[in-house]
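All remarks here apply to the structure that follows.
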Amino acid sequence: MLCQECNKNKASVYYNENINGEKVEKYLCSECAKEYTNVDFDFNMPFSMMDVISKLGFQPEKEAESKLICPTCNSTYSDFKNTGRFGCSHCYEAFSSQINPMLQNIHGHLEHVGKAPKKSYHSISVKNEVKKIKEELDRAVKTEDYEEAAKLRDKIKALVDSID
């Protein structure tokens, strides 16, 4: 396939972007990819996922980060940075202070915001609604609007009971 930008060279990079809700997909040669993406790495050389992440704003390791260890599998944050892989599912929580800003930067969200399977759609939407109402409840308590807080508490209870 030829590059969709210059129509001369062989396309070696797939690029996609969401601009104002419209998906833009392009197959680019390495030269056009450098100009089009504003990311400066050699697309012809093999690179790891951590190389890509570092180009996207991943910060260098600080001394405190090098001492982070997952209590379940004993993997270190340095291990993750070197391999791009976690040792277990608990590493996400153990390294959340470093991982969350990176995920926020890459994806724009820390939680899934896409489509959900039909079977679990109801429970997911109820959990999201409960989360929003809990935030309202916190605001009501802070402003000492206890009548509203009681209504919100009852609403949360009813929603939680509906998914059980």
Heavy-atom pair of closest approach, residues [X] and [Y]:
X: Cys70; Y: Ala94; result: CA-CB, 3.9 Å
X: Cys6; Y: Cys29; result: SG-SG, 3.9 Å
X: Val160; Y: Val130; result: CG2-CG2, 4.2 Å
X: Gln4; Y: Lys26; result: OE1-CA, 3.1 Å
X: Leu137; Y: Arg153; result: CD1-N, 4.4 Å

field: Donor-acceptor side-chain pairing of Thr76 and Asp79 below 3.5 angstrom
entry: yes

Return the [atom1] to [atom2] distance between [X] and [Y], rounded to the nearest 0.5 Å.
X: Glu148; Y: Arg139; atom1: CD; atom2: CZ; answer: 11.0 Å
X: His90; Y: Ser75; atom1: NE2; atom2: OG; answer: 11.5 Å
X: Asp138; Y: Leu152; atom1: CG; atom2: CG; answer: 10.0 Å
X: Asn100; Y: Glu93; atom1: CG; atom2: CD; answer: 10.5 Å
X: Ser123; Y: Leu159; atom1: OG; atom2: CG; answer: 12.5 Å
X: Glu136; Y: Ile156; atom1: CD; atom2: CD1; answer: 8.5 Å

pair [X]-[Y]: side-chain heavy atoms closer than 4.5 Å:
X: Ser162; Y: His122; result: yes
X: Leu68; Y: Phe80; result: no
X: Cys91; Y: Cys73; result: yes

task: Look at the aromatic rings of Phe86 and Tyr92 and report parallel, tilted or perpendicular, splitting at 30° and 60°.
output: tilted

query: Between Asp161 and Lys157, is there a side-chain N and carboxylate O pair less than 4.0 Å apart?
result: yes

field: Neighbour count above 12 (heavy atom, 6.0 Å) for Glu25 CD
entry: yes

- prompt: Would one find more than 12 heavy atoms of other residues, nucleotides or ligands at under 6.0 Å from atom CD of Glu135?
  reply: yes

